[in-house]
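Notes follow the structure.
It should be emphasised that the depicted structure is a prediction, and the values quoted were computed from it without experimental measurement. Start at 1 with the first residue, then count along the sequence.
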Amino acid sequence: MELEISDDYDEDEVRLFERIVDHLKTDHGHTHEKSIALVNSYFRKFTNEEFCHIHGIPAQNIDFFCHIESVGMADRVHYYEALFNTPNEDEFVQWQRRFRSA
């Protein structure tokens with residue numbers, strides 16, 4: 001299984017997604033294959049204008065991903081994809097604070 005992200009990303013941007021996979025494995029206990037599947041699913045949804053419009057959020061892009069960085073993105077991917085939560089920034093932040101302070 002391979003990462004299914006934009007072909008326009010440079011080496012550093014691709015490496016960011018590889019680090020997200022690494023953090024999903026180490027911080028959240030997912031297998032390598034599951035981590036890639038979660039990242040691919042998240043990327044398809046949260047870069048999709050229609051999906052984001054339905055949920056009242058802006059579509060995410062490489063600037064957003066780089067700003068949040070790999071640990072924060074791994075938390076987001078886990079929260080929304082593995083835990084099946086609907087997009088809600090306030091609830092995510094509360095969950096992340098609890099998770100990171102444990």
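Under the rule for a ring-ring contact (aromatic ring centres under 6.0 Å, His included), His53 has no partner lying at least two apart in sequence or in another chain. Partners of Arg44 under the side-chain contact (heavy atoms from CB on, under 4.5 Å) rule, at least two apart in sequence or in another chain, are Glu4, Asn40, Ser41. Tyr42 is linked by a ring-ring contact (aromatic ring centres under 6.0 Å, His included) to Phe46, counting only residues two or more places apart in sequence or in another chain.
Looking at heavy atoms from C-beta onward, Leu3 lies in side-chain contact with Glu18 at the 4.5 angstrom threshold. A heavy-atom distance below 4.5 Å is not found between the side chains of Val21 and Lys34. Proximity of Leu16 to Cys66: side-chain heavy atoms (C-beta onward) are separated by under 4.5 Å at one or more points. Within the 4.5 Å cutoff, no side-chain heavy atoms of Phe65 are placed close to those of Glu13. Two residues are said to be in side-chain contact when any heavy atoms from C-beta on lie closer than 4.5 Å; Phe64 and Pro58 fail this criterion.
Of all the heavy atoms in Ala59 and Cys52, the pair that sits closest is CA-SG, 3.5 Å. Closest heavy-atom contact between Leu24 and Ser35: CB-OG, 3.4 Å. Annotation for Tyr9 and Ile62: closest pair CE2-CB, 3.7 Å, computed over non-hydrogen atoms. Taking all atoms of both residues into account, the shortest heavy-atom contact from Gly72 to Phe92 is O-CZ, 4.3 Å. When all heavy atoms of Ile5 and Phe17 are compared, the pair lying nearest together is CD1-CD1, 3.7 Å. The two residues Ile68 and Arg76 come nearest to each other via the heavy atoms CG2-NE, 4.0 Å.
With values rounded to the nearest 0.5 angstrom, Lys45 atom NZ is found 14.0 Å from Phe43 atom CZ. Rounding to the nearest 0.5 Å gives a distance of 11.5 Å between CG of Asn48 and CD of Gln60. Here the CZ-CG distance, from Arg15 to Asp10, works out to 13.5 Å after rounding to the nearest 0.5 Å.
The aromatic rings of His78 and His30 are tilted relative to each other, their planes meeting at an angle between 30° and 60°.
In the hydrophobic cluster analysis, where Ile, Leu, Val, Met, Phe, Trp and Tyr join through side-chain heavy atoms closer than 4.5 angstrom, Val71 is grouped apart from Phe99. A chain of hydrophobic side-chain contacts below 4.5 Å, direct or via other Ile, Leu, Val, Met, Phe, Trp or Tyr residues, connects Val14 to Met1.
Between Asp27 and Arg100, at least one side-chain nitrogen of the basic residue sits less than 4.0 Å from a carboxylate oxygen of the acidic one, meeting the salt-bridge criterion.
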> Does the pair Asn88 and His55 meet the rule for a side chain to side chain donor-acceptor pair (under 3.5 Å), with working shown?
Replying inline: CA-CA 8 Å; Asn88 182 311; His55 293 284; over 6 Å; no

>> With side-chain contact (heavy atoms from CB on, under 4.5 Å) as the criterion, how do His28 and Asp75 come out once you've worked through the C-alpha distance, each side chain's angles and the decisive distance to 0.1 Å?
In response: CA-CA 8 Å; His28 298 286; Asp75 289 351; 2.9 Å; yes

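A side-chain donor-acceptor contact under 3.5 Å links Asn85 to the backbone of Tyr79.
For Glu89, the CD atom is densely surrounded, since the number of other residues' heavy atoms within 6.0 Å is greater than 12.
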